[in-house]
Protein chains: 2
Amino acid sequence: MRARGVNQTGGTTTIIDVAHAAGVSTATVSRVLNGDARVNPALAARVQRAVTKLGYRPSRAARTLRTQQARVWALIIPDVSNPHFTDMVRGIEDVAYSAGYSLILCNTDADAEKERTYLELALAEHVVGVILAPTSPDPSLIEEMLSRKVSIVTVDRRISSGMLDGAFVNNVAGAEQAVDHLLARGYCHLACITGPTDTTTGRDRLDGFMSALRRNGLELDDPAFVRIGDFRESGGQREMEALLSLSVRPDAVLVANNLMTLGALKAIVAAGLEVPSDMAIVGFDDSSWNAVVHPPLTCVAQPAYDLGAESARLLLSRIDGHSGPNREVMLVPTLRIRESTAERSSATHARHTVPGIRPSVDDAGGGNGRGDGKARSPQTGAATVPTPRGATSALQNRTTRSTKGARPTR
Amino acid sequence: MRARGVNQTGGTTTIIDVAHAAGVSTATVSRVLNGDARVNPALAARVQRAVTKLGYRPSRAARTLRTQQARVWALIIPDVSNPHFTDMVRGIEDVAYSAGYSLILCNTDADAEKERTYLELALAEHVVGVILAPTSPDPSLIEEMLSRKVSIVTVDRRISSGMLDGAFVNNVAGAEQAVDHLLARGYCHLACITGPTDTTTGRDRLDGFMSALRRNGLELDDPAFVRIGDFRESGGQREMEALLSLSVRPDAVLVANNLMTLGALKAIVAAGLEVPSDMAIVGFDDSSWNAVVHPPLTCVAQPAYDLGAESARLLLSRIDGHSGPNREVMLVPTLRIRESTAERSSATHARHTVPGIRPSVDDAGGGNGRGDGKARSPQTGAATVPTPRGATSALQNRTTRSTKGARPTR
DNA sequence: TCGATTTGGGAGATCGTTTACAGATCTTCT
DNA sequence: AGAAGATCTGTAAACGATCTCCCAAATCGA
């Protein structure tokens, strides 16, 4: 045995050790490990035996250095503690795991600087793919990625240039649907707490809100009825307090994500007011608590898990060499109606009948209890309404079905 | 210029390019980059200029291969979509980021096989550290880690052998406190929905529950009052349904984590019952929705962010060479009292007065609204009670204070 | 039987760093 | 002035895989 050949204590066992043990060259070991067909089965078996006997584990670093490609994805998202993103992460993790990739978790806090740092890290780590829920990414870094053949897809939020694959939810349609529902339920002084306007989610939800108002022949009662929040609980609370302090208040509000909805709700409770009699609420994101808060919250539910899974599949297909035009998978949100938007009963406001809009949706009430286990996503205690107009579905080659691949354990 | 020296399109710019551009050797460049003091300032400046001009980024893979150490931690947790763990992750991420480490996210679904796979991955990736919230880890892999000088700490859950550094919450004390509170509030037929008994969290919370009963001279009304759940929403719902279907029901229940509490609550609502009049609830984990569900939930709040941050600091110190005896940081949970455990009013059960226990806590009601922003963790609308007996604090060298390092943005 | 073709396997270069070692230069002291 | 340190800087050998060559053996055809 040669000096280096022995699996000496402390030293990692390398491909050389295996080669010696099996009496072959390192090249052969590598071939066996990588499934190169043209190697004698007898030899291959011997190698395999040596591998298991020595407990050999190839060094990822060496492989990465040689192939210039790490079997790793960078996952760059604004907030790991937001359930919307963690559900996405679950979808991504499941797909990545079964395809043999691991994930580097990058939490940007919606901070451009951290985002930049993490993009650079991805480059330095030679990751083979990046999944980005962008805040305000440096275009030059994106370009460098592409020129270096790093696959990159966006998720949840579009990047301004729109030149990447991505998986999104139709936020405009979701917001429009929410507004239609509020109007149908008799609310007519609508406000909106949206997210930062440098995110497409923040913009699109506001756009949908405004366009639905216009389509129904309405105007904003007061410019102050549009509030720009920060997608965080504190922001939702702050903006709701602002709305409540107006001399003439809205009678309903669309809040553009789950955390802000929670904050808004807290502000209302703190002010001693009631939902929906003093203020109706439609939130975005159907978080698990929505059905048991007081009152249960009507919301635009996003298929977050599938959003993640779809983006991961887009990435996989790019990594596997697909080089067609850019693809955008647009998933359809669902309005889940609960009590925070119960029919307006008060006589103070005349019932506002919107021309051309009939209350197309009826509250089918409770039912369908449990269902988080392995099931898809029937949430508890809500009437479910698929988005009516399929409109903006900009995908090509790929349908928006979100069935493929059952979701494990969870 | 030599053939390889030029930053040719497609080729990554390497340390050699920088060396050429700056007119020095690669060794010098490396020294400058790694902050080796003994290099001429003038040269160093030239190198730095070349680095920025060429946009040079060192290859992590090469560095890892050479040093046998990736500046990466593996973060192995059971469930990324559980807010308790994501809050922990936030704490870990913050510490890791500012120390220049990146995280590989490993989601095990409490599945031993996935856990094993990920531990092997950590080994193959040459990660320098592992943070593990264990389910049922393979001891031989742990030992291999240690013998390979990979630092490893546990968090949230203890590993049976107890031979690793770790950060935990005093679950026994938390559960005891919850029971004392329920008894003080007049409930005397107590049940417990705990987690899998192969997790220390599941066991400890049940232990605390039982020991507090005993200490107060009580027995379990019915063996079926102890339910083993799975820490998931569906499990909580299922076990609560089981409790509700008993001929003689408990009048209060301690539920051992946030998701199961949600499930349990849904089961109660679905059965048309009321909290707390039909069934009082104390949960574990103070998730953001606890204050706005109906009714607001009393819970044992865990400092999840700090739990993560502490474990990360333990890991850092090991990586930095600390080699003392094992350290366990034990954090103190806090009982937050809300309406799900309002004073028992019904006359059907005689008011059970527990000897030696006086209702030491008064419901101080609302107040203190917003406070998630950059603030520490004052939660909304709850009376806060620190654990009385500091008991099991097994740490050495290190206090349990959890102040160091302000928590950014969130 | 011999040459041509196929097939399997080994030698060794290579990926981009770090770092032990050896020079080279400059002080400083006797 | 010469020797002995003290400082820097460069040379080149790793680190552990992959993969291109290239050679040896085996197979085949005539």
Side-chain angles (χ1 to χ4, degrees), chain A residues 2-8 10-47 51 54 56-71 123-126 128 148-149, chain B residues 2-5 7-8 10-47 51 54-71 123-126 128 148-149:
Chain A
R2 308 298 316 283
R4 155 164 343 289
V6 190
N7 174 17
Q8 52 212 5
T12 317
T13 77
T14 76
I15 200 172
I16 302 182
D17 303 319
V18 178
H20 284 176
V24 297
S25 76
T26 62
T28 302
V29 177
S30 174
R31 280 193 270 259
V32 171
L33 262 43
N34 294 313
D36 190 319
R38 39 183 237 287
V39 55
N40 189 317
L43 267 198
R46 233 163 65 212
V47 169
V51 165
L54 298 182
Y56 168 67
R57 254 183 301 271
S59 154
R60 299 263 178 152
R63 168 178 297 183
T64 299
L65 179 58
R66 181 58 231 246
T67 62
Q68 298 289 19
Q69 212 171 69
R71 281 191 76 80
L123 244 12
E125 289 271 10
H126 292 291
V128 66
R148 292 259 221 98
K149 306 296 175 214
Chain B
R2 308 298 315 284
R4 155 161 346 284
N7 174 17
Q8 52 211 6
T12 316
T13 76
T14 77
I15 200 172
I16 302 182
D17 302 320
V18 177
H20 283 176
V24 298
S25 75
T26 61
T28 302
V29 177
S30 174
R31 281 193 269 260
V32 171
L33 262 43
N34 295 314
D36 189 321
R38 42 185 235 285
V39 55
N40 189 320
L43 266 199
R46 234 163 62 213
V47 169
V51 165
L54 299 182
Y56 167 68
R57 253 183 302 272
S59 154
R60 297 267 180 147
R63 168 177 297 180
T64 298
L65 179 58
R66 179 60 229 239
T67 63
Q68 299 289 20
Q69 228 180 50
R71 282 190 77 80
L123 244 12
E125 289 271 10
H126 292 292
V128 67
R148 294 258 221 98
K149 306 296 175 217

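To find a chain, count down the sequence lines: A is the first, B the second, and so on, and within it residues start at 1. Side chains are part of it too, since the values below use all heavy atoms of this structure and drop only hydrogens, waters and symmetry mates.
Rounded to an integer number of Å, the gap from A:Gln69 CD to D:dT18 C1' is 13 Å. As a whole-Å value, the separation of A:Asn40 CG from C:dT7 C1' is 11 Å. Look at CG on B:Asp36: it is 10 Å from P on D:dT9, rounded to the nearest Å. In this entry the distance linking CG of B:Leu54 with P of C:dG16 reads 14 Å, nearest Å. Regarding A:Arg71, its CZ atom lies at a distance of 15 Å from the C1' atom of D:dT18, rounded to whole Å. What separates CG of A:Asp17 from P of D:dC15 is a distance of 11 Å, to the nearest Å. The distance from atom CZ of B:Arg60 to atom P of D:dG16 is 20 Å, rounded to the nearest whole Å. As a whole-Å value, the separation of A:Leu43 CG from D:dA25 C1' is 14 Å.
Taking all atoms of both residues into account, the shortest heavy-atom contact from B:Ala19 to B:Ser25 is CB-C, 3.8 Å. Contact between B:Ser59 and A:Leu65 at its shortest, heavy atoms only, is OG-CD1, 4.4 Å. The shortest heavy-atom contact between B:Ala21 and B:Leu54 is CB-CD1, 4.0 Å. Annotation for A:Leu33 and A:Tyr56: closest pair CD2-CE2, 3.4 Å, computed over non-hydrogen atoms.
With sequence neighbours left out, the side-chain hydrogen bond (donor to acceptor under 3.5 Å, both in side chains) criterion links B:Thr26 to no other residue. Annotation: side-chain contact (heavy atoms from CB on, under 4.5 Å) contacts of B:Arg71 (sequence neighbours excluded): B:Arg60, B:Tyr101. With sequence neighbours left out, the side-chain hydrogen bond (donor to acceptor under 3.5 Å, both in side chains) criterion links B:Asn40 to no other residue. For A:Arg57, the salt bridge (Lys or Arg N to Asp or Glu O under 4.0 Å) test picks out B:Glu120, B:Glu144, with sequence neighbours left out. Every residue meeting the side-chain contact (heavy atoms from CB on, under 4.5 Å) condition with B:Arg46, not counting sequence neighbours, appears here in chain and number order: B:Val24, B:Leu43, B:Arg49. With sequence neighbours excluded, no residue forms a side-chain hydrogen bond (donor to acceptor under 3.5 Å, both in side chains) with B:Thr67. Judged as a side-chain contact (heavy atoms from CB on, under 4.5 Å), and not counting sequence neighbours, the contacts of A:Ala70 are A:Thr64, A:Val72.
Counting only heavy atoms from C-beta on, A:Val24 has its side chain closest to C:dG10 among D:dT9, C:dG10, D:dG10. Here the nucleotide nearest the side chain of A:Gln68, chosen from C:dG10, C:dC15, D:dG10, is C:dC15.
Between the two ends of the helix from C:dT1-D:dA30 to C:dT30-D:dA1, each summarised by a five-pair axis, the helix axis turns through 50° (rounded to 10 degrees).
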Shorter than 3.5 Å, N or O on both sides, protein versus nucleotides 17-20 of chain C: list them out with atom names.
{"unit_1": "C:dT17", "atom_1": "OP1", "unit_2": "B:Tyr56", "atom_2": "OH", "d": "2.8"}
{"unit_1": "C:dT17", "atom_1": "OP1", "unit_2": "B:Ser59", "atom_2": "N", "d": "3.2"}
{"unit_1": "C:dT17", "atom_1": "OP2", "unit_2": "B:Ile15", "atom_2": "N", "d": "2.6"}
{"unit_1": "C:dT17", "atom_1": "OP2", "unit_2": "B:Tyr56", "atom_2": "OH", "d": "3.3"}
{"unit_1": "C:dT17", "atom_1": "O5'", "unit_2": "B:Tyr56", "atom_2": "OH", "d": "2.9"}
{"unit_1": "C:dT18", "atom_1": "OP1", "unit_2": "B:Asn34", "atom_2": "ND2", "d": "3.3"}
{"unit_1": "C:dT18", "atom_1": "OP1", "unit_2": "B:Arg63", "atom_2": "NE", "d": "3.0"}
{"unit_1": "C:dT18", "atom_1": "OP1", "unit_2": "B:Arg63", "atom_2": "NH2", "d": "3.1"}
{"unit_1": "C:dT18", "atom_1": "OP2", "unit_2": "B:Ser30", "atom_2": "OG", "d": "2.6"}
{"unit_1": "C:dT18", "atom_1": "O2", "unit_2": "B:Arg66", "atom_2": "NH1", "d": "2.1"}

For nucleotides 24-27 of chain C, give me every protein contact, N/O to N/O, under 3.5 Å, one pair per line with atom names.
none

